[in-house]
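Here the structure comes first, spelled out in structure tokens, and everything after it is commentary.
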Amino acid sequence: MDRKGHRIPRLTVAVLSALTVVALMGLVMLPGVPSSIAHAQAEDLWSAPVNLSVSGSASRPAIALAPNGVAHALWWDTIDGARYARGTISGTQMLWARPQPVPFLVGESKRDPSTNKVTLSPPAQLYTIADGTGAAHATWLDSDRGLRYAFMPPNGRWSQGPRLTDQALVSSMSVDISGTLRMAYIQSSQ
């Protein structure tokens with residue numbers, strides 16, 4: 001309806017809407033008018049891929065890049081369990097150190113009493129983030145949906161932190177503008 005209470009036909013509304021879209025597209029495409037068209041990066045910015053796992057059985061990667069150019073990569077390897085590699089930017093390429101085990105980063109560890117064999121299961125929702133100092137933080141869910149935390153200082157080793165909560169559904173981390181690590185999670189009401 002218009003201001004006087006007259007009904008406006010649907011065809012008129014559709015035509016006016018289409019003309020508005022065409023007019024806006026014309027303005028965006030005018031020379032000298034900034035547009036939000038995406039452009040691909042130059043090929044020389046990409047380096048060749050690197051197989052950090054080597055085993056071919058890696059899954060669940062979690063990668064974080066610190067402001068100082070250090071990369072932190074965590075992943076689950078079916079053969080080796082949790083693994084970590086640190087990368088540093090050198091010129092135009094990323095140089096990776098040898099992967100190291102992170103033995104406590106598991107979903108579940110079960111020992112068979114008859115064979116004494118230990119079976120490890122992967123963590124769920126593995127997530128990592130780097131803060132402004134270059135330290136890395138990781139969270140994951142264990143088999144009981146307990147939210148776990150681990151920390152690695154710059155140039156240090158991973159150390160297991162506390163079990164933060166039981167029965168977490170999801171979690172997230174971020175670093176605020178002051179450099180403070182913020183964490184949020186949703187916990188089941190049951």
Side-chain angles (χ1 to χ4, degrees), residues 34 36-55 58-77 80-109 120-188:
S36 61
I37 298 173
H39 299 284
Q41 294 177 340
E43 276 198 39
D44 59 345
L45 294 178
W46 290 92
S47 61
V50 176
N51 183 352
L52 296 177
S53 161
V54 184
S55 74
S59 64
R60 304 172 192 254
I63 301 171
L65 184 61
N68 61 357
V70 173
H72 303 279
L74 283 168
W75 66 92
W76 179 258
D77 191 294
D80 298 325
R83 306 292 280 176
Y84 166 76
R86 178 192 304 260
T88 54
I89 296 174
S90 175
T92 59
Q93 62 182 335
M94 181 69 76
L95 303 175
W96 291 95
R98 272 186 80 171
Q100 302 296 316
V102 187
F104 57 80
L105 204 155
V106 297
E108 182 177 36
S109 177
L120 303 175
S121 65
Q125 299 182 25
L126 176 60
Y127 182 72
T128 186
I129 191 170
D131 63 25
T133 68
H137 307 267
T139 58
W140 69 97
L141 297 179
D142 62 23
S143 63
D144 298 326
R145 302 216 47 93
L147 181 59
R148 301 283 185 160
Y149 170 78
F151 170 77
M152 187 180 67
N155 302 318
R157 291 187 159 278
W158 283 101
S159 62
Q160 186 174 8
R163 185 175 193 193
L164 301 175
T165 187
D166 296 330
Q167 300 299 312
L169 299 175
V170 294
S171 68
S172 182
M173 290 186 292
S174 66
V175 177
D176 69 17
I177 196 164
S178 72
T180 303
L181 178 69
R182 303 287 181 179
M183 185 179 300
Y185 60 88
I186 297 174
Q187 190 173 22
S188 172

_Ignoring hydrogens, what is the shortest heavy-atom contact between A85 and A97? Give both atom names and the distance._
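Here A85 and A97 meet closest at CB-O, 3.9 Å.
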
*Passes side chain to side chain contact (heavy atoms under 4.5 Å, CB included), I129 versus T139? Steps please.*
CA-CA 9 Å; I129 191 170; T139 58; over 6 Å; no

Gap between atom [atom2] of [Y] and atom [atom1] of [X] - 0.5 Å precision:
| X | Y | atom1 | atom2 | value |
| --- | --- | --- | --- | --- |
| L126 | L141 | CG | CG | 10.0 Å |
| W75 | T128 | CH2 | OG1 | 12.0 Å |
| L52 | D77 | CG | CG | 11.0 Å |

N/O donor-acceptor pairs under 3.5 Å from side chains in residues 168-179, not counting sequence neighbours:
| residue | atom | partner | partner atom | Å |
| --- | --- | --- | --- | --- |
| D176 | OD1 | S178 | N | 2.9 |
| D176 | OD1 | S178 | OG | 2.7 |
| D176 | OD1 | G179 | N | 3.1 |
| D176 | OD1 | T180 | N | 3.0 |
| D176 | OD2 | R182 | NE | 3.0 |
| D176 | OD2 | R182 | NH2 | 3.0 |
| S178 | OG | T180 | OG1 | 3.0 |

_Among residues at least two apart in sequence or on other chains, which ones pass side-chain hydrogen bond (donor to acceptor under 3.5 Å, both in side chains) with T165?_
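Applying side-chain hydrogen bond (donor to acceptor under 3.5 Å, both in side chains) to T165 gives Q187.
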
*Who passes side-chain hydrogen bond (donor to acceptor under 3.5 Å, both in side chains) against Y127, sequence neighbours left out?*
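For Y127 there are no side-chain hydrogen bond (donor to acceptor under 3.5 Å, both in side chains) partners, ignoring immediate neighbours.
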
Identify every side-chain donor-acceptor pair in residues 59-72 under 3.5 Å, counting partners at least two apart or on other chains, and give the distances.
| residue | atom | partner | partner atom | Å |
| --- | --- | --- | --- | --- |
| R60 | NH1 | P123 | O | 3.2 |
| N68 | OD1 | V70 | N | 3.2 |
| H72 | ND1 | Y84 | OH | 2.8 |
| H72 | NE2 | G134 | O | 3.1 |

*Excluding sequence neighbours, so at least two apart, what forms side-chain contact (heavy atoms from CB on, under 4.5 Å) with I89?*
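With neighbours one apart ignored, the set is M94.
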
*Using the test side-chain contact (heavy atoms from CB on, under 4.5 Å), find all partners of P153 that sit at least two apart in sequence or belong to another chain.*
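Partners of P153 under the side-chain contact (heavy atoms from CB on, under 4.5 Å) test: F151.
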
*Apply side chain to side chain contact (heavy atoms under 4.5 Å, CB included) to the pair L164 and M183, showing each step before the final yes or no.*
CA-CA 10 Å; L164 301 175; M183 185 179 300; 3.2 Å; yes

*Any donor-acceptor N/O pair, W158 side chain to A150 backbone, under 3.5 Å*: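 Not a single qualifying donor-acceptor pair exists.
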
_Expected output: side-chain Q160 to main-chain R148 donor-acceptor under 3.5 Å_ =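 Answer holds: no.
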
Pairs where [range] contributes a residue and the test salt bridge (Lys or Arg N to Asp or Glu O under 4.0 Å) is met, not counting sequence neighbours:
| range | result |
| --- | --- |
| residues 123-138 | none |
| residues 158-167 | D142-R163, R163-D166 |
| residues 87-107 | none |

For residues [X] and [Y], determine if any side-chain heavy atom of one lies less than 4.5 Å from a side-chain heavy atom of the other.
| X | Y | answer |
| --- | --- | --- |
| R86 | N155 | yes |
| S53 | R83 | no |
| H137 | Y149 | yes |

_Set out, in order, the CA-CA distance, both residues' side-chain angles and the distance that settles side chain to side chain contact (heavy atoms under 4.5 Å, CB included) for W76 and V106, then state yes or no._
CA-CA 8 Å; W76 179 258; V106 297; 3.9 Å; yes

